[in-house]
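In what follows, a structure is listed as structure tokens, so that the remarks can point back to it.
These values consider heavy atoms only, across backbone and side chains, with no hydrogens, waters or symmetry-generated copies. All values reported here derive from a predicted model rather than from experimental measurement. Note on naming: letters A, B, ... go to the chains in the order of the sequence lines (proteins, then strands), and numbering restarts at 1 for each one.
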There are 2 protein chains.
Amino acid sequence: MVKRVRGSKTGRPIMVLLDLLGRRWVLRIVWELREKPRRFRELQDATGASPTIVNSRLAELREAKLVELDAESGYRLTALGKELLRLFLPLHVWSEKWAKAVAI
Amino acid sequence: MVKRVRGSKTGRPIMVLLDLLGRRWVLRIVWELREKPRRFRELQDATGASPTIVNSRLAELREAKLVELDAESGYRLTALGKELLRLFLPLHVWSEKWAKAVAI
DNA sequence: TTCGAGTGCTACAATTTATGTAGTATCGCC
DNA sequence: GGCGATACTACATAAATTGTAGCACTCGAA
């Protein structure tokens, strides 16, 4: 049971998804899992988020069946999670172009 | 000048972008602008976010050159913003599939 | 068999961020 | 003038996040 979107309570999947992905560190955590599984502390160190928030985000992502914990290797993307990531991969290239345009 | 990512201070474009998109209501606002320009109050009503936050998110998005304000029509995506949205459009279809798998 | 290192995870006070309500200021129009 | 619409702001309350410290468990080495 995924937490409902806060603003609009329609429960439409796209809204629930945008709400989930719009929580702090969620996109970043998924991103850090793109290549290989990571341990709890690796995610903490890589993101710089507090353990409290890493833990609750991982819980949300597990509830959403995007991430799972494998005792051997650590946290990893599920099949669904990998699908989602695939949609986001073009962001990497695009972000470079964007950075030039915005002159961060 | 886009605010730097909080956790990792690398300033790498992808991290800055993930940080920006990971702020509450940002994805949602971009989504609401996908079809046509919207007025400030329309965005407020559609998202359910407070005017304070709508205003500051719009300011961030304008700074990031993803959104602009046209006096005639309202807030709209820039060329860059439309490019970004194009990357996100598949989410709509995918979210339906995801919803079935997760049983929200 | 105790020690240390690694694991996921939690408690909790301090800080930061978001909310909700009300309001300001400006514009065009009748 | 007065009305409605616009973008936007003030500010007290509520909620989320942070940072630090630590717990409980497992496993392998001393």
Legend entry - OP1 or OP2 of D:dA7 under 4.0 Å from side-chain N/O of B:N55: no
Inset, instruction - For A:R57 and A:V54, indicate whether the former's side chain and the latter's backbone hold a donor-acceptor pair under 3.5 Å. - result: no
Inset, instruction - In plain terms, say whether A:R23 and A:D19 are close enough for a salt bridge, that is, a side-chain N and a carboxylate O under 4.0 Å apart. - result: yes
Legend entry - Trace of the salt bridge (Lys or Arg N to Asp or Glu O under 4.0 Å) decision for A:R28 with A:E32: CA-CA 6 Å; A:R28 181 63 190 277; A:E32 293 296 337; 2.9 Å; yes
Legend entry - Test item: A:T78 side-chain N/O and A:E68 main-chain N/O as donor-acceptor pair under 3.5 Å: no
Inset, instruction - Do nucleotides 20-30 of chain C as a string where each nucleotide becomes B, S or -: B if the base has a protein heavy atom under 4.0 Å, S if just the sugar-phosphate does, - if no protein is that close. - result: BBB--------
Inset, instruction - Please examine the side chains of A:L21 and A:L17, heavy atoms only from C-beta on, and report whether any two atoms are closer than 4.5 Å. - result: yes
Legend entry - Separation of atom CZ in B:R24 from atom P in C:dT19, rounded to whole Å: 6 Å
Legend entry - Candidate nucleotides D:dT17, C:dG8, C:dT17, ranked by approach to the side chain of B:R57 - the nearest: C:dT17
Inset, instruction - Look at the side-chain N and O atoms of B:R39 and state whether any lies under 4.0 Å from the OP1 or OP2 oxygen of D:dA7. - result: yes
Inset, instruction - With heavy atoms under 4.0 Å as the rule, sort B:R38 into base, sugar-phosphate or nothing. - result: nothing
Inset, instruction - Could you pull out the closest heavy-atom pair between A:S73 and A:R76, with the gap in Å? - result: OG-NH1, 4.2 Å
